[in-house]
Each structure stands twice: as C-alpha cells, then as structure tokens.
There are 2 protein chains.
Amino acid sequence: MGSLRKGEATRERLLETAERAVLDKGFSATSIEELIAEVGITKSGFFYHFRDKNELALAMLERYIETDLSELSAFAERAKQLSDDPLQRLLIMLKLYAELLDGVTPERSGCVAASMAYQENQISRQVAARMRDLVLAWRRHFRSMLDDVAERYPPRDAVDLDTVADMCAGVLQGAVVLAKMLKDQRVMGQQVMVLRSYIKLLFQPGLN
Amino acid sequence: MGSLRKGEATRERLLETAERAVLDKGFSATSIEELIAEVGITKSGFFYHFRDKNELALAMLERYIETDLSELSAFAERAKQLSDDPLQRLLIMLKLYAELLDGVTPERSGCVAASMAYQENQISRQVAARMRDLVLAWRRHFRSMLDDVAERYPPRDAVDLDTVADMCAGVLQGAVVLAKMLKDQRVMGQQVMVLRSYIKLLFQPGLN
DNA sequence: TCGCTACTGTACCGCAAGTGCAGTTTCAAG
DNA sequence: CTTGAAACTGCACTTGCGGTACAGTAGCGA
C-alpha cells in the first residue's frame, strides 16, 4: 500500500536526522550536505523530497508538533487515570513531565519550534504560522486543565488563566534555554517542579 | 586619550548594528557583509576589529552581559529607593521590568545570549563560558533578593531558592520565545506579572 | 513491458566566510 | 615637520553551502 512506501522511509530518516542535528546545533548550522552524508543519499535525492531548506524546516516542525502534542495528551491521559481531582491531575502531569525531562540526553533536548523562533525574520510565513498554532495548542491544553481546577478550587490570586497556561509552556521554554546556557540538564526538571509549586500555591486550599 | 579612540567608535557601531540584526533574525542569518554595508567600512576593516565571526559573537555577548547586568542593578536600586520591605522591593522590581518589556519594539526584543544558546555546538568554548557566567550572575542577583525576602517572610512552600531565582530569569527567557512564536509582545509583560504572582503567593502573609 | 517512484550523476551558479597582503589615510607624540 | 602606529582600503583568491537544471536509471508493482 501507499502508507509505507520506500520514499516515506527515507523522508522520515531525513527528518529524524535533521531533528537531532537541529536540537544539537541549531537549524542554520545544520547543512544539507551533512544530512545526506548521514542518511546515505545524494543531494539530488534530498531535493527530491524537499524543495528547499525551508520546506525541510516546515516538515520538521509539522512532525515535531504532532509528536509533542500527542505526548502531551498521553501525559494528561495518564494523569486522568491516576486521580479524579483536577488539581492533582495537573500536578501529576507536571511531575511526569519533570521526570521525562530529567531522563532526556543533552543533545536531544530542546524544542524544534523554539530553535527556529530565534531566527524569526528568515523563516517562512508558513513556519511562523505553525509555530503560532503550536503555542495556541499548548495554551488550549493547559487552559482546559486549569479551568477544571479553578472550578473546584478558586484561585488565590487574580490572574488570567490564559496567561498561567502560557506560563506552563513558557517556563519549559525558558528552562531549555537556561539548561543550554548552563550546560546543566537538571534545571529543566527543577523548573517544572517550581512551576508545580506555583500551581499548588495558586489553587491548593488549606496551605495556611 | 586612549579611551575614545576612533577604532573603538567603529567597533562599537559594529557591535550595535550586529546586536540589532541578531535580535531581529538570529546570529547565523546575520552576514558580515550586511554589517559592513550598514556601518560603512570594508570587509578588511571588519577583520581588523574581529578575527572571525565567532570573535564578534564573543564581543557582542560581552557587551550584552555588561548592559544587561547594569540594567538589572539599576532596577534593583530603584526598587530599593521605593520601599524598605524586601518583598515589596522584589515585586516592584518585577513590575518595573514588566513595564520595560511592554515598551520595547519587537525587533529589539530578545536576549543576545539566548539567541546563541540554541546554536550550542557551533559556538566557541569562550562564548559558552560567558553564557554560563551570565546565568550564574542572574541567579546570584535574584537569590540575594530572595534571601532578604525569605528572612522576613518564611516561604509557604519548600522550594530551593536558587531554583526560584533561576525561574525569574527563566520565565523571561521563555516569554521571549513565546512572544516570538506568537508574534505578540504582550506575553512578555504578562509572564513577568504571573511570576510576580508566584512570588506574592510564595511569601506574602495574610493571603487567606 | 510499461510507467511511476525514488532516486544518482554531473555540471554549474551565487553568496558568504575567511585568508593574505600590500598600500593608504589619519593623527598624535617626539 | 617627521615618524610611526592605528585604522583602515583594495584586490585577489579559496572554500563551503544552498540551490538549479536536467538527463539518466534501478526497482517494482500493475
């Protein structure tokens, strides 16, 4: 059938190789020639799959968004199984995420979208649009969890829940940057745990 | 005297131009030829000042660190004048920062260090070392303010203050990334205000 | 055996980084 | 007024990368 054609396999290997390289050293520092050498095809072969480097970026982003969002859903699902309480669910999910981050290798850590974000004005409109979609998806995801929490536990501080939802994604993005700057992966897990502390303080009753 | 030599002025113009370009479109997308065209010197002139692009990066980072840390100190100083209470000082400082971020233009927003952080393995050891220094300086800065707060107001949650200090810098870094991805500057100010909310909840007494 | 998919091979262009070096202007100290 | 260092210019050249163009071909399923 068409679903597992040979071309798809090569394309996937290119995307996988590119993702590793991009997370390790950035998009513009990743050369096409380096990718084809690792995958074992020629330059012509590369341009058979992608019109140009920008289209590679778009495909990488598309792929990243898909896996990232399904990972997020999986964690939410797992948390749902582990507790009935909306606050506990959110806290469990953040703990799961922190544990995931502690186990990831330095070279593979980072966000494909964020690595492209800092090269703003050289990326295409389509890439920019998909980046925006991703942030909005994160916002929706955390917002819906926060809504469930706020319904049962009134927040202790007057904050906009969309902004708190953004913070959930933002703290992680910031933690990645700090981890890269410090060359210390541990800060990622740590930062998520501090975010958890905020959620606890914001909603959890009976904390003095 | 040696302090305001002509060479220093040209070098400074190069660094200033480079910083604007890098914040707008990233380091690797910023070409030397574009810089010299704007500054009005030749390629040879550029290489008289910097051995290569990496040395430019190092000088930019050095310059950025200096101005960033002095800006931070200035805000802390201003907050010190406005209140005697350590918690209020920190909250005021964050508010000042949020206001600064709301007023900055999109092209000039961002952190020179962070824009280089995502190109990790192609930057020199020296640049990496200075990036580390910067994060540690941020940590020290916020940590000392947090220590003052914690002395008077015991924290409501068992968190490591170094990690909270990292979060102060991290939320900002994350907010920059989100702002770039969303093309919406407002999230930067918003995120700092949520961070403020955390500090309030963590330390402020009498909140229910 | 036909034709499509998935490539290879070759040749070439333009741009940016970087090298090397000789020559020139500017300006301040002797 | 001269001299010499600082701050460049000018030119020629190399390498690497992104990208174009296009002809040819191996494998494979209908």
Side-chain angles (χ1 to χ4, degrees), chain A residues 1-22 24-61 115-116 119-127, chain B residues 1-22 24-61 115-116 119 121-124 126-127:
Chain A
M1 298 295 293
S3 67
L4 32 95
R5 301 192 319 276
K6 190 190 169 201
E8 281 300 311
T10 307
R11 194 186 142 96
E12 174 60 24
R13 268 164 60 228
L14 273 170
L15 288 172
E16 169 65 25
T17 308
E19 181 167 319
R20 247 184 300 120
V22 165
D24 190 40
K25 59 191 176 193
F27 183 69
S28 21
T30 300
S31 72
I32 293 171
E33 294 186 346
E34 156 197 353
L35 295 180
I36 62 178
E38 212 172 313
V39 170
I41 57 170
T42 62
K43 212 178 199 182
S44 313
F46 175 89
F47 286 106
Y48 171 78
H49 288 286
F50 307 101
R51 191 179 297 127
D52 51 25
K53 221 184 162 189
N54 222 317
E55 207 171 84
L56 171 71
L58 187 58
M60 285 176 62
L61 186 55
S115 79
M116 293 170 182
Q119 339 214 312
E120 236 195 318
N121 287 21
Q122 72 159 355
I123 61 178
S124 71
R125 295 241 166 77
Q126 291 176 64
V127 171
Chain B
M1 297 297 292
S3 67
L4 31 92
R5 301 194 318 277
K6 191 193 170 200
E8 282 300 312
T10 306
R11 193 185 144 97
E12 174 61 23
R13 267 162 63 227
L14 274 169
L15 289 172
E16 168 66 25
T17 308
E19 181 167 320
R20 248 184 299 121
V22 165
D24 190 40
K25 58 189 176 193
F27 184 68
S28 20
T30 301
S31 72
I32 292 172
E33 294 186 346
E34 156 197 354
L35 295 180
I36 62 178
E38 213 173 311
V39 170
I41 57 169
T42 62
K43 211 178 201 181
S44 312
F46 175 88
F47 286 106
Y48 171 79
H49 289 286
F50 307 102
R51 192 179 296 127
D52 51 27
K53 224 185 161 189
N54 222 317
E55 206 170 86
L56 171 71
L58 186 59
M60 284 176 62
L61 186 55
S115 79
M116 293 170 183
Q119 337 214 315
N121 287 20
Q122 72 158 355
I123 61 177
S124 70
Q126 290 177 66
V127 171

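Below, read A as the first sequence line, B as the second, and so on, with proteins coming before strands; counting in each chain starts at 1. Below, each value reflects all heavy atoms present in this structure, side chains not excepted, and no hydrogens, waters or symmetry copies.
Rounded to a whole Å, the CZ atom of A:Phe47 is 13 Å from the P atom of C:dT8. Atoms CD (B:Glu33) and P (C:dC15) sit 9 Å apart, rounded to a whole Å. Across the protein-nucleic acid pair, A:Ile36 atom CD1 and D:dC17 atom P stand 10 Å apart, rounded to whole Å. The NZ atom of B:Lys53 sits 7 Å away from the P atom of C:dG18 (whole-angstrom rounding). Computed from coordinates, the B:Asn54 CG to C:dG18 P distance equals 8 Å when rounded to whole Å. A straight line from CD1 of A:Ile32 to C1' of D:dG18 spans 6 Å, rounded to a whole angstrom.
Rounded to the nearest 0.5 angstrom, A:Thr10 OG1 and A:Leu15 CG are separated by 11.0 Å. How far CG of A:Leu56 is from CG of A:Leu14: 7.5 Å, rounded to the nearest 0.5 Å. To the nearest 0.5 Å, the span separating CZ on A:Arg11 from CZ on A:Phe50 amounts to 4.5 Å.
Between B:Lys25 and B:Glu34 there is a salt bridge, since a side-chain N of the basic residue sits under 4.0 Å from a carboxylate O of the acidic one.
Listed by first and then second residue, the side chain to side chain donor-acceptor pair (under 3.5 Å) pairs that reach into residues 44-53 of chain A are A:Arg51-A:Glu55, sequence neighbours excluded.
With hydrogens and angles ignored, the 3.5 Å screen pairs no side-chain donor or acceptor of B:Glu19 with any backbone N or O of B:Glu16.
Within 4.0 Å of A:Ser28, counting heavy atoms only, lies no atom of the nucleic acid at all.
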Notebook entry, point to check: In B/S/- notation, 5' to 3', how is nucleotides 7-13 of chain D contacted by protein heavy atoms closer than 4.0 Å?
Noted result: BBBBB--

